[in-house]
Amino acid sequence: MELDFGPGVREFRDEVRTWLDEHLVGEFAEHRGIGGPADAEAFEVRLEWDRELSAGGWLGLSWPQEYGGRGLGLLEEIVFAYECTRAAAPYRATTNALDLFGPMLLAVGSDEQQRRFLPPILRVEEQWGQGFSEPGAGSDLASVRCRAELDGDEWVINGQKVWTSLAHVADWLYVLVRTDPASERHRGLSMLLVPRHQPGVEVRVIRNLAGQSEFAEVFFDDARTAADLVVGEAGQGWRTAMATLGIERGATLLPQQLSFEREIEALLAAVRSAGDTVAPSVRDEVVRAWMSVRVMRTTNLRTLGEILSGREPGAQAGIAKLYASTAHQRLGHLAAEVAGPAGEITGEDYRLDARQRTFLLSMAETIYGGSSEIQRTIIGERLLGLPKEPRP
Amino acid sequence: MFAEVATEEREELRGVVRSFLDRHSTEEDVRRLMATRDGYDAGQWQRMGRELGLQGLAVPERYGGAGFGYGELGVVFEEFGRALVCAPYFATVALAAEALLRAGDETAAKDYLPGIASGETVATLAMTGDTRARHADGWFLSGEKTHVLDGCAADLVLVVAATDTGTGLFAVDTPRIDRESLPTVDQTRKQARLRFDDVPARLVSEDDSVITRTLETAAVLLAAEQLGGASRALDLAADYAKIRVQYGRPIGSFQAVKHRLADMLVDVECARSAVHDGLRALAEDAPDLPVAAATARAFCAEAYTRVAAGAIQVHGGIGFTWEHPAHLYFKRAKSSETLLGSPAWHRHRLAGLLGI
């Protein structure tokens with residue numbers, strides 16, 4: 001997919017391309033295309049790549065200059081992300097801080113919090129992990145039980161979080177906790193910023209089905225953080241959390257699309273070289289998979305068009321997520337099918353190839369960021385206006 | 001470059017077409033016309049041409065049209081699909097007018113297109129069946145064509161026929177053709193069998209690519225029509241799910257029903273993307289038109305059928321009756337699926353284009 005974003009950003013695009021040509025070399029070039037959402041592959045190299053990007057001034061392009069950003073627009077973010085994927089640069093390691101926490105802080109954080117926390121993110125000095133889900137609060141996030149109470153000028157936190165991506169490398173966690181013990185559901189929650197390196201915080205890594213250490217459980221046992229490290233108002237944590245989830249990550253749409261297109265091209269190549277061993281019905285399924293990638297491309301371009309013209313795609317994004325996640329899984333299955341018995345063999349220490357990683361890791365895509373079931377409910381209620389299910 | 005967000009002008013056009021169809025293509029109109037042999041209202045057809053200029057929307061001004069592009073035409077087809085319009089619009093505009101435009105025969109275009117654009121002429125394209133063209137003092141056609149859309153209503157038939165050297169596209173005035181209406185499952189789109197017995201014809205083109213291009217264009221426009229039908233079938237189902245009460249609550253509040261409807265919306269929105277891509281390729285006359293057209297056609301055909309079937313299911317027993325309109329969409333969906341090549345055929349074609 002070759003895109004031209006217009007004359008306004010052509011100079012910027014050329015600047016990005018030149019820089020990538022000069023810096024995507026050596027170890028970085030050896031790790032082309034490595035990593036992805038929920039994929040912890042080659043994390044150290046990717047972190048090093050983030051530092052390279054930081055030194056080049058490429059992180060936080062749309063963040064204010066006073067925090068180390070470049071004060072550019074969303075379009076530049078989109079162009080940059082697109083060019084990086086086009087050049088098959090390693091997938092950034094610090095996506096949580098850059099794509100989720102940072103934008104949330106920019107949207108609802110205090111000036112002081114922004115001054116304190118944003119610059120180290122752009123210098124790749126501090127990593128962030130998200131503490132939302134709990135053993136008893138997955139899709140039903142409002143049933144959060146992890147709690148915090150004020151003790152003098154500090155919050156004292158107790159409880160457990162789970163599925164926290166890269167918690168074991170995080171320096172800080174942004175955690176949704178119940179600060180009003182008498183409250184229920186969406187009320188009485190607060191978003192606290194908690195340093196991980198302290199005796200009251202214990203992280204236990206969970207291996208995912210691909211054998212990787214990507215997410216973790218986090219236990220808080222009288223963990224402490226300063227009283228003023230609440231994002232938004234105390235008691236308004238639900239609104240803050242929704243602000244994070246609602247941030248339309250326009251810049252991630254094209255990289256995701258490009259990686260789908262690479263995968264489908266690889267699948268077509270595999271079918272060509274497999275020749276007659278591929279049954280006609282499988283061939284037909286491969287064409288369907290190709291069509292789904294094609295349809296997603298237009299959907300993504302439509303969504304980007306909406307975002308760039310200042311409209312909020314909102315629940316519309318749920319449609320794209322629901323479709324893309326399912327289509328990606330089908331692609332993974334097909335790739336495994338076309339590979340045949342050879343696709344079953346791994347490297348040493350369960351080292352998986354790209355096709356095997358797609359097959360396994362795409363299983364997370366219909367679960368994280370709102371499961372397909374939750375997406376369907378949201379689509380039904382917000383876009384089709386269907387009545388909510390009565391609460392028992 | 002971004003699939004452009006619906007422009008104001010196009011939305012204005014959509015509003016005009018929709019309000020016309022709200023008045024003149026009600027369910028009652030559809031049921032009345034589908035029961036007739038020719039399946040359309042001649043007075044209405046002329047008003048469509050004269051007052052709204054719909055037949056000539058994308059016909060260049062020098063041939064009496066309005067000179068708009070495929071983007072606008074796509075909007076009209078989508079709205080026609082929504083309203084299940086009973087009229088020879090697809091045959092006349094997507095097939096016949098398109099073939100005349102692609103053929104590049106200036107005289108034929110000047111002779112026929114103004115009549116089409118003004119709403120005087122109903123035209124169609126006949127492709128299926130064996131027909132031979134004989135050249136003597138002029139051309140003469142013999143043989144048979146079947147599954148000719150709106151073949152009985154047409155004043156002008158463009159016929160694909162074999163010549164001694166290959167294939168030709170011929171224009172035939174209808175009085176000399178023996179025509180038989182074919183009863184169809186989907187009564188909203190009429191078909192006919194045409195017999196030619198040494199009928200004088202006019203050669204319009206001998207270039208095979210004219211037909212290929214015409215069919216690619218028609219595939220995208222049919223996909224737009226299917227998108228419109230699917231979105232209307234979904235609206236019917238969603239509206240019903242809000243008011244039909246069982247177990248003391250609207251059925252749309254049950255996840256089983258809600259999630260089915262959500263999946264139907266995913267189908268509709270993905271179909272919208274496929275149509276968007278097809279219309280873009282048409283408007284730009286892009287090199288990827290063949291793949292974009294095949295994708296739009298294969299995707300939207302199946303999506304419409306799935307959504308229309310889902311609409312019957314959500315309606316339950318009432319959706320299975322003749323009285324309820326759900327079956328009209330279901331039948332149109334299936335009949336459109338088999339027009340101009342099935343989805344499986346288009347995927348087969350795509351496989352070739354993709355080199356697998």
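Keep in mind the model is a prediction, meaning the values are calculated, not measured. Just so we're on the same page: letters track the sequence lines, and every chain starts at 1.
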Greatest number of heavy atom pairs closer than 4.5 Å to chain B - which of A/Ala320, A/Ala274, A/Gly385:
A/Gly385
Could you please state which residues from residues 238-246 of chain B sit under 4.5 angstrom from chain A, measuring non-hydrogen atom to non-hydrogen atom, sorted by number, or 'none'?
B/Ala238, B/Ala241, B/Lys242
Near B/Glu12 CD, under 6.0 Å, is it more than 12 heavy atoms from other residues, nucleotides or ligands?
no
Please state whether the side chain, the backbone, both or neither of A/Leu322 comes within less than 4.5 Å of a heavy atom of chain B.
side chain
Under the side-chain contact (heavy atoms from CB on, under 4.5 Å) criterion, do A/Glu389 and B/Arg249 qualify, and how do the steps go?
CA-CA 9 Å; A/Glu389 194 149 16; B/Arg249 45 194 264 222; 3.5 Å; yes
Of the backbone (N, CA, C, O) and the side chain (C-beta and beyond), which part of A/Val295 lies under 4.5 Å from a heavy atom of chain B, both, or neither?
both
With chain A, the option among B/Ala292, B/Gly355, B/Ala294 that has the most non-hydrogen atom pairs under 4.5 Å is B/Gly355
Filtered by a 4.5 Å non-hydrogen cutoff, the part of residues 255-272 of chain B contacting chain A is B/Gln255, B/Lys258, B/His259, B/Leu261, B/Ala262, B/Asp263, B/Leu265, B/Val266, B/Glu269, B/Cys270, B/Arg272
Under a 3.5 Å cutoff, is there a donor and acceptor pairing between the side chains of B/Ser273 and A/Thr298?
no
Does A/Arg10 CZ have over 12 foreign heavy atoms under 6.0 Å away?
yes
Is there any residue in residues 339-346 of chain B with a non-hydrogen atom under 4.5 Å from a non-hydrogen atom of chain A, and which ones are they?
none
May I ask you to name which of A/Val287, A/Leu383, A/Val286 has the most heavy-atom pairs under 4.5 Å with chain B?
A/Val287
Members of residues 302-317 of chain B whose heavy atoms come closer than 4.5 Å to chain A:
B/Glu302
Among the options A/Gly380, A/Pro280, A/Pro387, pick out the one with the most heavy-atom pairs lying under 4.5 Å from chain B.
A/Pro387
Against chain A, work out which of B/Leu350, B/Leu354, B/Ile251 has the most heavy-atom pairs shorter than 4.5 Å and name it.
B/Leu354
Side chain, backbone, both or neither: which part of A/Glu373 has an atom under 4.5 Å from a heavy atom of chain B?
both
A/Trp290 vs B/Leu353 side-chain heavy atoms within contact, under 4.5 Å
no
Between A/Thr299, A/Val271, A/Val278, which residue shows the highest count of heavy-atom pairs closer than 4.5 Å to chain B?
A/Thr299
Hey, which of A/Gln375, A/Lys388, A/Arg288 has the most heavy atom pairs under 4.5 Å with chain B?
A/Arg288
Based on non-hydrogen pairs under 4.5 Å, which of B/Ala351, B/Gly252, B/Ser253 is most in contact with chain A?
B/Ser253
Using a cut-off of 6.0 Å, state whether more than 12 heavy atoms not belonging to A/His186 lie near its atom NE2.
yes
Counting only heavy atoms not in B/Glu284, do more than 12 sit closer than 6.0 Å to its CD atom?
yes
Side-chain heavy-atom pair B/Leu234, A/Leu384 within 4.5 angstrom cut-off
yes
Which region of B/Ala296, side chain (C-beta onward) or backbone (N, CA, C, O), has a non-hydrogen atom less than 4.5 Å from a non-hydrogen atom of chain A, or is it both or neither?
neither
